[in-house]
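Down below is the structure, laid out as structure tokens.
We number each residue from 1, following the sequence as shown. Predicted model, so just to flag it, every value in this text is computed and none were measured.
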Amino acid sequence: MTIFVDPDATLADAYPSNPARLRHRLDGHPLFAMPALLDLARRLPPASIEYNSGDISIDQDPEKTPITGLSVEETIRRIRDCNSWMALHNVEQDPQYGAVLDRCLAEIAPAITLATGPMHKKTGYVFISSPNAVTPLHLDPEHNILLHLAGPKNMTLYPGDRNIIPDRHHELYHVGKAHRNLAHHADFEAAAQIFDLAPGDALYVPVKAPHWVKTGGAPCVSFSITWRSRASDDEARLRIANHAIRRIGGAPPPP
């Protein structure tokens, strides 16, 4: 059984620059049920688990993100009522989840390779959220397809252009001097694209496209498959070079 429904056609007109909706068949997979995710969290090293309160603002200051005081296990067991958000990073460390990641990426590889070259730094993330939890506005350095698996989720995306993220912020981000979280401004909303996601939906999120998420009235689980490409690597290197030029008084153009 294939995982994605006709990914080549779906991605052809969008990848790599624009978001795209896809459909998948991973919802209901036993590896993404709460008991299996609890077992996965026990196997992962602590550094691969990030979690905090889900009761936060869209432009949450990362230095002031509240925590719940619960353990990882308590958070997963009580996800329906503990008002939390959790990310399991680098789940490909676990052979079972690594195999699912490889299957997903193999299905989309033909369309991806044609546009941006071979995939590398292939990474998987699982997100577990309480009802009505917020993931603040942020950017990610990878190409990403979010496969939604359980519960209702709403994702708002913005273009990664200079009206949303100034060139200086891109440069600071790539040299490690700016956080992934971003300040939100009301005038961003004119460019917003809003995607309501249900189990079986998937969404391609372009590299560094700013986005924030809010779950609906039930616990949510999503699986993100991510990769880097020659295109994303080149853009990152140019941003780092532009930062160096700007430091000595230059005014470099964006990549």
Side-chain angles (χ1 to χ4, degrees), residues 3-5 7 10-11 13-27 32 37 50-60 62 65 79 83-89 91 104 108 123-161 163-165 173 179-227 232:
I3 293 173
F4 289 105
V5 178
T10 305
L11 291 169
D13 295 331
Y15 182 82
S17 300
N18 299 304
R21 280 187 176 273
L22 300 94
R23 292 288 298 169
H24 71 85
R25 301 184 177 95
L26 270 188
D27 52 314
F32 298 99
L37 294 175
E50 177 185 4
Y51 65 112
N52 51 249
S53 170
D55 186 16
I56 55 180
S57 64
I58 298 173
D59 53 358
Q60 178 68 43
T65 301
I79 198 65
N83 201 6
S84 294
W85 171 92
M86 177 178 288
L88 306 179
H89 295 248
V91 298
C104 290
I108 63 169
T123 308
Y125 302 85
V126 174
F127 299 102
I128 308 167
S129 306
S130 296
N132 304 307
V134 169
T135 304
L137 182 64
H138 67 285
L139 54 81
D140 297 310
E142 314 97 342
H143 304 277
N144 168 33
I145 295 178
L146 182 96
L147 291 83
H148 194 51
L149 301 161
K153 176 174 281 190
N154 178 282
M155 182 180 288
T156 301
L157 269 68
Y158 307 93
D161 60 31
N163 294 322
I164 307 295
I165 312 176
Y173 177 76
H179 197 270
R180 70 185 185 218
N181 286 13
L182 300 166
H184 179 269
H185 300 285
D187 55 1
F188 291 179
E189 295 310 305
Q193 290 181 273
I194 301 172
F195 298 89
D196 293 318
L197 303 177
D201 289 331
L203 182 66
Y204 167 66
V205 180
V207 174
K208 292 191 296 177
H211 57 284
W212 66 276
V213 181
K214 185 168 184 179
T215 59
C220 286
V221 177
S222 299
F223 179 43
S224 274
I225 60 172
T226 76
W227 65 96
S232 66

Qualifying residue, where the test is side-chain contact (heavy atoms from CB on, under 4.5 Å) with H211 and the options are L182, D140, L139, L146: D140
Specify the closest pair of heavy atoms between P219 and P131, including all atoms of both residues, with the distance to one decimal. N-CG, 3.8 Å
Only pairs under 3.5 Å count here: list side-chain donor-acceptor contacts from residues 193-203, not counting sequence neighbours, and write none if there are none.
residue	atom	partner	partner atom	Å
D196	OD1	N154	ND2	2.7
D201	OD1	R23	NH1	2.6
D201	OD2	A198	N	2.8

Considering residues at least two apart in sequence or located in another chain, which fulfil the side-chain contact (heavy atoms from CB on, under 4.5 Å) criterion with R25? M1, T2, V5
Could you measure the distance from the CG atom of D187 to the CG atom of N163? Nearest 0.5 Å is fine. 8.5 Å
Do M155 and V205 have side chains that approach each other closer than 4.5 Å (heavy atoms only, starting at C-beta)? yes
Let me know which of I79, D27, L37 forms a side-chain contact (heavy atoms from CB on, under 4.5 Å) with V221. L37
Shortest non-hydrogen pair, A133 vs S129, comes out as CB-CB, 4.3 Å
Please report the interatomic distance CH2(W212) to OG1(T156), rounded to the nearest 0.5 Å. 4.5 Å
Step by step, work out the side chain to side chain contact (heavy atoms under 4.5 Å, CB included) result for I56 and W85. CA-CA 10 Å; I56 55 180; W85 171 92; over 6 Å; no
Nearest heavy-atom neighbours spanning G160 and I165: CA-CD1, 4.4 Å
Just jot down the side-chain contact (heavy atoms from CB on, under 4.5 Å) partners of P206, sequence neighbours excluded, or say none. P19, L157, Y204, A209
Kindly indicate, with the supporting measurements, whether the criterion side chain to side chain contact (heavy atoms under 4.5 Å, CB included) is fulfilled by F4 and I145. CA-CA 11 Å; F4 289 105; I145 295 178; 4.2 Å; yes
By ring-ring contact (aromatic ring centres under 6.0 Å, His included), which residues pair with W227, not counting sequence neighbours? H143
From N181 atom CG to I58 atom CD1, the distance as rounded to the nearest 0.5 Å: 12.0 Å
Quick one: does any side-chain atom of S222 pair with a main-chain N or O of F127 as donor and acceptor, under 3.5 Å? no
Within a radius of less than 6.0 Å around CG of D13, do more than 12 heavy atoms belonging to other residues, nucleotides or ligands occur? no
Give, for atom CG of N83 and atom CG of D55, the distance between the pair rounded to the nearest 0.5 Å. 5.0 Å
Test of understanding: with side-chain contact (heavy atoms from CB on, under 4.5 Å), list the residues that count as partners of T123, not counting sequence neighbours. N90, E92, K121, Y125, T226
On a heavy-atom basis, which atom in T10 and which in R21 lie closest, and how many Å separate them? CG2-O, 2.6 Å
Please report the C-alpha distance between L26 and C104 in whole Å, then the side-chain angles of each, then the deciding distance to 0.1 Å, and finally whether the side chain to side chain contact (heavy atoms under 4.5 Å, CB included) criterion is met. CA-CA 10 Å; L26 270 188; C104 290; 4.0 Å; yes
Listed partners of D59 passing side-chain contact (heavy atoms from CB on, under 4.5 Å), at least two apart: S57, H184
Please report the interatomic distance SG(C220) to NE2(H148), rounded to the nearest 0.5 Å. 4.0 Å
At their closest point, which heavy atom of G217 faces which heavy atom of N132, and how far apart are they? N-OD1, 4.4 Å
